[in-house]
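Scroll down for the structure; my scribbles are underneath it.
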Amino acid sequence: MPKTPDDNNIERLTEEYRILHKVAKILEAPGDLTTMLKSAMKVLTEFEDLRVESKAGIFLADTKKKVLRLFVTYGNFSQEFLQKEKEVPFGDCLCGRAAASGELLMSESCFSDPRHERTFSDMEAHGHYIIPLKGSSGLVGILFLYTNTHPSWYRHSQEVLLSIGGLIAGAIQRKQIEQELAAYHNHLEAVIKERTRQVTMSTNQLISEIEEHKKTQAQLRNLSQRIQEVREEEKTRISREVHDELGQSLTALKMDLLRLNRHLADKDAESRLNLMVDLVDTTLLSVQRIAMELRPPILDAFGLVEAMTWQAGEYQKRFDLTIETCALKDIPEVSPALKTALFRVFQESMTNIVRHAGASQARLSLGEKNGVIQLVIEDNGSGIGAEKVTDSQSLGLIGMRERLSPFGGEITFAGVAGQGTTLTVTLPLEKA
Ligand SMILES: Nc1ncnc2c1ncn2[C@@H]1O[C@H](COP(=O)(O)OP(=O)(O)OP(=O)(O)O)[C@@H](O)[C@H]1O
Ligand SMILES: [Mg+2]
């Protein structure tokens with residue numbers, strides 16, 4: 001049965017719908033833009049009704065510089081063509097004109113159409129469809145399709161071509177945005193990588209500085225411990241020399257004076273000599289006291305409790321202060337070095353009470369419970385201020401802490417304004 005005009009129309013519409021659907025599918029699928037556009041152009045060249053030859057291409061538009069740049073072609077094009085068409089200014093030749101006007105352009109023959117300004121040595125007679133690719137933000141590019149000369153134009157097909165142009169423009173824009181996002185993503189990753197590298201570097205530097213600092217602190221602690229030891233040795237030596245040498249010389253002097261006294265007839269001279277004997281006695285007492293305070297031999301001979309009791313007695317005698325010592329219990333396991341440290345802490349603390357507290361009473365206690373040695377010194381004076389306890393200028397308090405730290409000892413100072421201060425030393429017996 002021969003085809004009627006209606007049959008032809010239906011066939012054409014079906015064909016248009018098929019092509020549109022195919023192109024849309026291709027452009028929706030993920031993948032590389034060039035491959036995608038080549039596939040779309042291949043489908044278009046199958047659009048028999050437009051009599052399109054198997055040749056097409058797409059320019060991308062640089063709307064700022066008003067120039068088209070050849071992006072991708074489908075079919076066989078000569079090197080000369082590819083080279084010459086690399087860039088086409090807006091308004092130039094067919095594609096440039098379509099870019100400038102934004103309108104679809106049709107041309108029957110490249111030889112007879114005066115708008116076809118660009119010619120090539122191997123140019124054969126052909127016609128054109130030039131389709132602007134318009135996206136949401138304007139012109140994206142130009143699609144050109146080759147046709148044979150004198151194609152039959154269908155108004156309807158032009159609309160289909162414009163729709164396809166819109167689809168292609170959308171796909172190009174989407175890909176461009178994806179590329180920009182990917183570039184931005186890469187840039188961000190590089191920035192993060194660089195920041196991570198810097199942070200790692202400065203963290204490592206910080207760690208090594210902290211380690212260096214710790215090392216220095218340990219060295220300083222050792223040095224301070226050594227200085228204390230040397231001071232104690234020195235004090236012991238001076239104490240012994242003052243006591244023995246000076247004490248013996250003074251005793252000898254006294255003996256001589258007493259012997260001389262027996263041979264004196266002059267009463268006046270005798271009483272003056274007696275005065276001299278008294279003076280030697282008080283000097284002897286001073287010598288003994290100085291020697292004792294430098295390093296009480298009682299500490300080494302009889303232990304902490306005896307030494308503290310003796311020292312407390314001395315403070316009571318010299319200052320208006322009552323000191324309670326009944327809670328002192330000896331700890332036989334304590335090493336000589338720790339004994340010295342505890343005694344010096346006690347001395348420094350008593351000196352502070354006398355100098356700063358204005359106290360009338362003090363109470364001492366020393367003992368061991370559950371493997372922990374505890375020394376407590378309380379006074380009823382003004383109460384140490386919290387700021388003094390942490391002050392880096394409180395060298396006396398720092399010295400006390402330093403003396404105890406080699407033994408794992410801890411010291412706290414608790415002051416209540418107007419009521420007094422409690423100093424508490426705790427340290428594990430195993431380090432004693
Ligand atoms: N028992 C106390 N009662 C009240 N205040 C005290 C007592 N002990 C210490 N303080 C306060 O804490 C401060 C710091 O004491 P620390 O022993 O470190 O220094 P210092 O006695 O002033 O000087 P030094 O270096 O000669 O010991 C003192 O100046 C004083 O104000
Ligand atoms: Mg002090």
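This one's a predicted model, so the numbers in the text were calculated from it and none came from an experiment. For ligands, and for the atoms within them, numbers begin at 1 and follow the listed sequence. For the numbers below, each heavy atom of this structure counts, side chains included, while hydrogens, waters and symmetry mates do not.
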Does a side-chain N-to-carboxylate-O contact under 4.0 Å join Arg231 and Glu234? no
So that I can check it, does any N, O or S atom in Asn352 come closer than 2.8 Å to the Mg ion (ligand 2)? yes
Ala357 and ligand 1 - part of the residue with a heavy-atom distance under 4.0 Å: both
Atom name, Glu348 (N, O or S, nearest to the Mg ion (ligand 2)): OE2
The reported gap from CD in Glu15 to CD1 in Ile19 (rounded to nearest 0.5 angstrom) is 4.5 Å
Using the benzene-type ring in the case of Trp, are the ring centres of Phe77 and Phe120 under 6.0 Å apart? no
Is the number of heavy atoms from other residues, nucleotides or ligands under 6.0 Å of Lys42 NZ greater than 12? no
Pair Lys388 + Asp391: basic N to acidic O under 4.0 Å: no
May I ask you to check if ligand 1 and Gly396 share an N or O to N or O distance below 3.5 Å? yes
Arg355, any N or O under 3.5 Å of ligand 1 N or O: yes
Could you grab the distance from atom CG of Leu27 to atom CG of Leu167, nearest 0.5 Å is fine? 6.0 Å
With heavy atoms under 4.0 Å as the rule, classify the contact between Leu397 and ligand 1 as side chain, backbone, both or neither. both
Distance to 0.1 Å, residue and atom name: give those for the protein heavy atom nearest to atom 2 (C) of ligand 1. Thr421 OG1, 3.8 Å
Which of the listed options, Met350, His356, Gln393, Glu348, holds the heavy atom that is closest to atom 20 (P) of ligand 1? His356
At what distance is the nearest protein heavy atom to atom 13 (C) of ligand 1, and which residue and atom is it? Lys388 CD, 3.8 Å
Evaluate the ring planes of His116 and His128, with Trp represented by its six-membered ring, and classify them as parallel (under 30°), tilted (30 to 60°) or perpendicular (over 60°). parallel
Does ligand 1 have an atom that lies less than 4.0 angstrom from a heavy atom of Gly381? no
Which residues share a salt bridge (Lys or Arg N to Asp or Glu O under 4.0 Å) with Lys329, sequence neighbours left out: none
Check: of Asp379, Asn380, Asn352, Thr351, min heavy-atom distance to atom 1 (N) of ligand 1 comes from Asp379
Proximal ligand 1 atoms for Ser394, defined as those under 4.0 Å from one of its heavy atoms: 14 (C), 18 (O)
Can you list the ligand 1 atoms lying under 4.0 Å from a non-hydrogen atom of Ser382? 4 (C)
Among all residues two or more places apart in sequence or in another chain, which pass the salt bridge (Lys or Arg N to Asp or Glu O under 4.0 Å) test with Arg344? Glu232
